[in-house]
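Since we're looking at a predicted model, the values are computed, not measured.
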Amino acid sequence: MQPQDDEALEQAHWSAFVDALAAHLAAQWPAMPERLGERYAAFVEHAVAQAEKRGLGGAVAVARYVNLWFVWGPAYHDKPGFEWAAGLLAAPREREWSTVHQLVRRSMAELQRLPGTRIEPAALAASDERLIERFGALGRRGALHPAEPPLLPRRACDLEAAELRLLEPAVAEHYVLKGGQGAATWQRAPIALPPPLRVEAASPLPPLLAVLSHPPGQRPQARLQLRLRAHAQCDGSVHPAARFAGTHGLWGWAGPETRTLSWPLTGLARASLAAGPGMAIAEETSPDIFRLELLSCGLRDEGDAIGPQQTLVWVWPAAQWWLELERQPAVAQPVLAGQAPALRDTTQARVECDARAQDALPLRRAFEQGLDAARDAALQALLAGWSAVPGLSAPRLDGALALLVGRAAFTWGWCLGAGGLDGRALMRLVGTLAMQAVQAELEFEGELALAGGRARVQLRCVGQAPLAATLQREQAEPALLPVLQPALVRFSLPFTAGITPLATEHGALLQAAGPCTGALVGEAGLRPRTSGGSGFEWFAALRLEPVLLSLALVDPVLGARRFTHALWPARTLVDWRLA
């Protein structure tokens, strides 16, 4: 069947409905067709058109509206004294059932109040009830015969108010930083309970509620309390009602049970930490999602109804983490080919979760056996490259190289936003960094013989790159990424060279003709995890830019000749991340 055929069929159905409504009302109010005669059908059609003009589309809502024309006269709502009807008809279209219900209820009250009315309130109530029985199974214009007839409440049934509050929190304290620069200490401080959330007609249930809790089997767990107060009830054993659905299944309460009730909330069971506690910072784990429904017919004789309400309850992990890291660099010492350094860096780490100490050994080993081992390998590579420089003899490397040394401390965990229960939780993070991304004091020595000239070469790379910041995110804006931007430093430590010419039997001198080029470059600190998942990881990258010496060979017979001599090509020395 073509779309135009469907439209023609629906129009035919609607016309049949209007004819059936006219016949029904003629039998109900016989005086009206007697008075109007041949104009009666036009009267009903005009009333139906006016109902549609005012946003009524359901067949039974249209029928109830037209019925009131028989009580008050045509277009009664546009006449003086019926401002109450015009106000009700100005309600949004999606509230049409409430609109016609309140039109009928107010009309019954007006008939009761006004003296000398020709229609008794009971007669209007009876006629309205018969209309619902006759046309209540019909749908709307364009879909007049739905597969499932609409459920149409007939008696006032609504909530007066609802209140949600966090009765028992899953986490009562978190870590805070006290004091200023140089005297800062970490303490545990209480977390204030969020204010209760009240639901009324003017303030419906928000689309998302946030709660913090622990996984099943882990205590304590949050407990949410719901209190409902009924405005009117269709059936005290049915409404009001509440349902809570999620990974636990479906819990439901009805009638008197809903006056005050509470239930526990659990978060998702977290997969075991792949590498160990504290390895990922500010990991934004997923919430468990539940649905809360507050049920009533949503019908009032007067005023705006609260109606059925529903929201999603997102339960985020309640765990609050704290990490303290301290790394001391080793002192300067000779770098010997194929040998481990005599003195090594030291790393101390402490990790807590909700005031309970965690195993920090994997974190400490990741720095000592990962980063420090990669640094040692880089020193060996530098020594090997120095030893392989053409014309160089007696190569020597002394000094110290350290990455990510100093002190750092962080706390992180989910917390409720400014709206308390209303809205998403946010990842709270507070941290201090008093570190050096890199700290170098390297000295290369050797004797260089080129083209009949000799010189003692001293190559130095000295410098550091401070990684110092106070980080704080305790509200939704800014996002976590820009807050942690100061926790990453890029650096470049240039090489400098000293050339001391040595005497030769031919009298040629090998000397500097300009500054050398090249540097140790890289970046270190915290960055978004690159191994999958959320959160931030420690990392360090160190690269060698090509190092070239600018030399001049001064011969007493042949004169001076300038040239460059390559010491090292570009290469990656360290590419480490805390995995």
Side-chain angles (χ1 to χ4, degrees), residues 1 3-30 32-33 36 39-78 85-86 88-108 119 123-157 234 297-301 305 307-308:
M1 185 177 292
Q4 56 267 31
D5 296 333
D6 293 338
E7 293 176 8
L9 182 60
E10 283 295 335
Q11 181 60 44
H13 287 325
W14 186 258
S15 297
F17 155 68
V18 174
D19 292 342
L21 175 61
H24 180 90
L25 293 175
Q28 191 160 260
W29 310 104
M32 184 65 77
L36 294 177
R39 294 176 295 152
Y40 172 73
F43 170 80
V44 174
E45 291 175 1
H46 181 59
V48 170
Q50 289 298 307
E52 293 184 87
K53 181 179 178 181
R54 282 158 177 78
L56 303 180
V60 67
V62 171
R64 298 178 76 187
Y65 167 88
V66 173
N67 189 44
L68 294 177
W69 279 40
F70 285 74
V71 175
W72 298 116
Y76 69 95
H77 38 71
D78 295 331
L88 290 173
L89 285 168
R93 296 188 177 196
E94 59 269 17
R95 291 172 47 191
E96 69 171 28
W97 189 248
S98 177
T99 296
V100 295
H101 174 82
Q102 292 189 12
L103 281 172
V104 172
R105 299 298 299 181
R106 180 63 183 269
S107 294
M108 291 169 59
I119 297 177
L124 172 57
S127 66
D128 186 70
E129 189 70 23
R130 287 191 291 269
L131 282 171
I132 297 175
E133 293 290 344
R134 174 69 174 81
F135 300 106
L138 295 179
R140 307 178 63 80
R141 180 163 190 172
L144 202 56
H145 297 290
E148 296 183 8
L151 297 176
L152 302 173
R154 305 187 188 188
R155 295 177 53 188
C157 175
C234 59
C297 293
L299 198 63
R300 292 194 185 197
D301 292 343

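Interatomic distance, CD of Gln102 versus CH2 of Trp97, reported as 13.0 Å (0.5 Å rounding). Taking SG of Cys157 as the reference point, atom CG of Leu299 lies at 8.0 Å (rounded to 0.5 Å). With values rounded to the nearest 0.5 angstrom, Arg141 atom CZ is found 12.5 Å from His13 atom NE2.
Counting heavy atoms from C-beta on, the side chains of Asn67 and Leu124 come closer than 4.5 Å. Contact of the Phe43 side chain with the Val66 side chain is not registered, since no non-hydrogen atoms from C-beta on lie closer than 4.5 Å.
Listed here is the closest heavy atom pair of Met32 and Trp69: CE-O, 4.4 Å. Considering every non-hydrogen atom in both Val62 and Ala51, the closest pair reads CG1-CB, 4.0 Å. Across every non-hydrogen atom of Pro146 and Ala143, the tightest pair is CD-O, 3.8 Å. Taking every heavy atom of both residues into account, Ala61 and Leu56 meet most closely at O-CD1, 4.2 Å.
The ring-ring contact (aromatic ring centres under 6.0 Å, His included) check on Trp14 picks up Phe17, with sequence neighbours excluded. Remark: Arg105 engages His101, Met108, Asp301 in a side-chain contact (heavy atoms from CB on, under 4.5 Å) (not counting sequence neighbours). With sequence neighbours left out, Ala91 forms a side-chain contact (heavy atoms from CB on, under 4.5 Å) with Arg95, Thr99.
Checked by atom type and distance alone, the side chain of Tyr65 never pairs as donor or acceptor with a backbone atom of Leu103 at under 3.5 Å. Without hydrogens or angle criteria, Glu96 side chain to Gly57 main chain gives a donor-acceptor distance under 3.5 Å. Side-chain N or O atoms of Tyr40 include one that pairs as donor or acceptor with a backbone N or O of Ala26 at under 3.5 Å. Side chain of Arg155 to main chain of Cys234: a donor-acceptor pair is present (N/O by atom type, distance under 3.5 Å, no hydrogens or angles).
Here salt bridge (charged side-chain N to carboxylate O under 4.0 Å, His left out) pairs that include residues 10-25, with residues two or more places apart or in two chains, number zero. Sorted by first then second residue, the salt bridge (charged side-chain N to carboxylate O under 4.0 Å, His left out) pairs that include residues 55-68, not counting sequence neighbours, are Arg64-Asp128.
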In a table with atom names and distances, give each donor-acceptor pair under 3.5 Å that connects a side chain of residues 130-139 to protein atoms at least two apart or in another chain.
from, atom 1, to, atom 2, distance (Å)
Arg130, NE, Gln28, OE1, 3.1
Glu133, OE2, Arg154, NH1, 2.7
Glu133, OE2, Arg154, NH2, 3.2

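No donor-acceptor contact under 3.5 angstrom links the side chains of Trp29 and Ser127, judged on distance only.
Within a 6.0 Å sphere centred on CD of Glu94, other residues, nucleotides and ligands contribute more than 12 heavy atoms.
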* side-chain contact (heavy atoms from CB on, under 4.5 Å) between Trp72 and Ile119, worked out -> CA-CA 9 Å; Trp72 298 116; Ile119 297 177; over 6 Å; no
